[in-house]
Amino acid sequence: MGHTEWAMWANEQGVITSFVLALGGTLGVAGMFKKYEFGAYSIALGVLVFLIEYPRGKRKQGKKTQERSYQRCLTRLVSGLGIVGRNYYIRFVFYLLSCIPCCFFLPTILGGFSLFFTSIIYLCAALSGEKWQPCLDSKADRTPGINPSHHPTVPPPRNPRSQSLDNLGVSSSSVNRV
């Protein structure tokens with residue numbers, strides 16, 4: 001069985017958590033509850049978590065990592081944070097401490113627990129020795145002239161042993177009658 005890459009799982013959990021935090025905070029603020037400040041905190045925290053978690057890091061095993069759409073500018077932001085953006089121990093502590101206020105307000109409690117689980121997954125990633133690295137493709141890695149959005153111009157090769165209706169002796173008129 002292969003090695004689990006905890007950071008990839010934590011990254012996906014973090015992106016989902018940011019939406020849950022923002023949604024719970026919006027419900028808390030729009031619902032005119034007494035402690036709506038916790039809702040505003042949750043919205044701001046959801047945006048911050050999204051900015052940190054949206055760029056995917058490079059996979060550890062050397063496999064190609066598929067970038068998310070429009071992740072390049074946020075990758076530069078996380079890279080610019082230095083050790084704060086790359087170290088998973090720091091993310092663990094930050095997420096663990098920032099999820100506490102979300103647990104005191106009912107609309108944001110689901111986002112708080114989700115952020116708690118994200119921090120635990122980042123602890124597992126840090127203990128297994130993983131760290132965040134940008135997955136920006138260098139210009140040497142890109143293949144010039146190949147655009148994946150173009151359709152192929154040549155049909156795929158056919159197996160010479162494939163049997164068609166003509167090889168079986170069945171006429172197309174007898175197939176249409178059935």
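Source: prediction; values computed, not measured.
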C99 to F116 - nearest heavy-atom pair and separation
SG-CB, 3.9 Å
Taking all atoms of both residues into account, what is the closest heavy-atom pair of E130 and Y88, and its distance?
O-CD1, 3.3 Å
What one should report as the nearest heavy-atom pair of G57 and M8 is O-SD, 4.0 Å
Donor-acceptor check, side chain of R91 to backbone of G85, threshold 3.5 angstrom: yes or no?
yes
Starting at CD1 of I120, measure out to CG of L115 and round the result to the nearest 0.5 Å.
10.5 Å
Counting only heavy atoms not in L97, do more than 12 sit closer than 6.0 Å to its CG atom?
yes
What heavy-atom pair brings L74 and L51 nearest, and what distance separates the two atoms?
CD2-CD2, 3.7 Å
Please answer: with hydrophobic residues joined when any side-chain heavy atoms are less than 4.5 Å apart, are V78 and Y122 in the same cluster?
yes
If you round to the nearest 0.5 Å, how far is CG of L81 from CZ of R76?
14.5 Å
Going by heavy atoms in the side chains, are W132 and P134 under 4.5 Å from each other?
yes
About how many Å separate OG1 of T108 and CG of L23, when rounded to the nearest 0.5 Å?
11.0 Å
T26 side chain to A22 main-chain N or O, any donor-acceptor pair under 3.5 Å?
yes
Residues I121 and A10: closest non-hydrogen pair is CG2-CB, 3.4 Å
Check each of L127, T118, L123 against F92 using the side chain to side chain contact (heavy atoms under 4.5 Å, CB included) test, and report the only one that passes.
L123
Measuring from atom CD of E53 to atom OH of Y95, what distance do you get when rounded to the nearest 0.5 angstrom?
3.5 Å
Please report the shortest heavy-atom distance between P55 and T75, naming the atom on each side.
CB-OG1, 3.3 Å
Any donor-acceptor N/O pair, Q71 side chain to R56 backbone, under 3.5 Å:
yes
Expected list for residues 29-50: side-chain donor-acceptor pairs under 3.5 angstrom, two or more places apart:
residue, atom, partner, partner atom, Å
Y41, OH, S98, O, 2.9
S42, OG, L21, O, 2.7

